[in-house]
Amino acid sequence: MTLQQEIVGNAMQMAVVNLNPGQTVYCEAGKFLFKTTNVTMETRLGGPSSGGQQQGAGGSGGMGGILRQAMGTAMQVGQRALAGESLAFQYFTSQGGEGTVGFAGVLPGEMRALELDGTRAWFAEKDAFVAAESTVQFGIAFQGGRTGMSGGEGFVLEKFTGHGTVIIAGAGNFIDLNPADFGGRIEVDTGCLVAFEEGVQYGVQRIGGLNRQGLMNAVFGGEGLSLATLEGNGRVILQSLTIESLANALKKAQGGDKQGPTGGMFSTHAG
């Protein structure tokens, strides 16, 4: 069943979700805004993954099943801790009739509802997740090796699988692109990526070579040494505002850190 939701607002949007009787939606801790009184709220360490939420004592194989479930929850929590994500999820279920719940992101910007049909997963930047139906599984995908270490923001990705609606948020305004419409490949600032469909290959490349122009790009271009690359055929969502640029603007307004004339590579760090 598709989640009945409406995204409202402009500069900082929110999602208003209407729940059918017995329907459950979960969110990352800190993204909840309001609810009607007939909607129950429960905080759990475990998130939906590979049916783990559905296992009960009756169908889990006794003590062995309970132990496996506990180990699975511990692994989920450990992954989220390594990724710097919230350790808990909040679950909302409507009781005795229809209910309403409101959610929002943490930065000024847009929100987007993605519909999963079970054929393709979605990957999103860290902290993009807001809320999802209980039929959507949340996981952590580590972009390993040289790509992850070079990619900065792209090292840890959130992964969504299953069926149903997942709501994500980002900073600034969104634009939807498909690399297939641009020769099969696009290059973006690593902080601009919000989410992409499974089937799109994510990577990181150095900006230019170790020559005069390459150094000029890195020192004065404001992008650092790397760009994210997205290849293949699938939907990609980018944001117009990066967290780094927002943080630099706030620090500059407070008279603290200033990026200076040389851009991102040689930002000054006073105090």
Side-chain angles (χ1 to χ4, degrees), residues 5-16 28 30-31 33 84-85 103-115 122-131 143 147 150-158 160 166-197 200-205 207 217-218 220-254 256-265 267:
Q5 52 76 33
E6 181 182 8
I7 295 176
V8 299
N10 295 306
M12 189 163 185
Q13 294 185 323
M14 58 183 288
V16 179
E28 188 177 49
K31 305 294 177 69
L33 288 181
E85 297 275 2
F103 304 101
V106 296
L107 293 172
E110 286 197 40
M111 301 179 73
R112 187 66 55 85
L114 308 174
E115 299 298 334
W122 270 89
F123 297 89
E125 68 165 345
K126 179 180 172 291
D127 296 327
F129 172 67
V130 175
Q143 188 69 48
T147 297
S150 301
E153 296 93 333
F155 180 59
V156 176
L157 298 172
E158 298 173 335
F160 309 104
V166 57
I167 301 171
I168 60 172
N173 295 120
F174 285 173
I175 182 172
D176 291 66
L177 300 173
N178 187 332
D181 297 331
F182 300 90
R185 176 186 174 102
I186 56 175
E187 300 171 352
V188 303
D189 183 300
T190 54
C192 288
L193 181 62
V194 179
F196 58 93
E197 281 185 298
V200 174
Q201 289 77 50
Y202 169 80
V204 174
Q205 71 170 24
I207 301 177
N217 288 340
F220 295 101
E223 308 299 332
L225 294 172
S226 302
L227 285 175
T229 62
L230 297 155
E231 300 179 79
N233 184 7
R235 187 173 161 198
V236 173
I237 302 175
L238 305 179
Q239 62 188 5
S240 62
L241 177 65
T242 70
I243 296 177
E244 182 182 10
S245 63
L246 177 61
N248 285 331
L250 292 174
K251 290 176 183 177
K252 184 175 181 180
Q254 295 172 346
D257 273 4
K258 297 180 177 62
Q259 205 173 23
T262 56
M265 185 177 179
S267 297

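If you read the sequence from its start, that first residue is 1, and numbering goes on from there. The model shown is predicted, which means the values in this text are computed figures rather than measured ones.
Residue F174 comes nearest to A169 through the heavy atom pair CZ-C, 3.9 Å, listed as atom of the first residue, atom of the second, then distance. In this structure, G232 and P179 approach most closely via the heavy-atom pair O-CB, 3.4 Å.
By the side chain to side chain contact (heavy atoms under 4.5 Å, CB included) test, L114 is found to be paired with R112, L116, W122, V166, I168, R235, I237, residues two or more places apart in sequence or in another chain being considered. By the side chain to side chain contact (heavy atoms under 4.5 Å, CB included) test, A124 is found to be paired with A128, E158, F160, A195, residues two or more places apart in sequence or in another chain being considered. With sequence neighbours left out, Q201 forms a side chain to side chain contact (heavy atoms under 4.5 Å, CB included) with E231. Listed by chain and residue number, F196 satisfy the ring-ring contact (aromatic ring centres under 6.0 Å, His included) test with F123 (two or more places apart in sequence, or in another chain). Taking V8 as the reference, E6, M14, V16 meet the side chain to side chain contact (heavy atoms under 4.5 Å, CB included) condition, with sequence neighbours excluded. With sequence neighbours left out, E115 forms a salt bridge (Lys or Arg N to Asp or Glu O under 4.0 Å) with no residue at all.
Contact of the V200 side chain with the N178 side chain is not registered, since no non-hydrogen atoms from C-beta on lie closer than 4.5 Å. The side-chain heavy atoms of L230 and L193, taken from C-beta on, include a pair separated by under 4.5 Å.
Separation of atoms OG1 (T242) and CG (D189) is listed at 5.5 Å; rounding is to 0.5 Å. Note: I186 CD1 to L227 CG = 11.5 Å, rounded to the nearest 0.5 Å.
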Quick one: do V106 and K31 satisfy side chain to side chain contact (heavy atoms under 4.5 Å, CB included)? Show the steps, please. CA-CA 7 Å; V106 296; K31 305 294 177 69; 3.8 Å; yes
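At most 12 heavy atoms of other shown residues, nucleotides or ligands fall within 6.0 angstrom of atom CG in N10.
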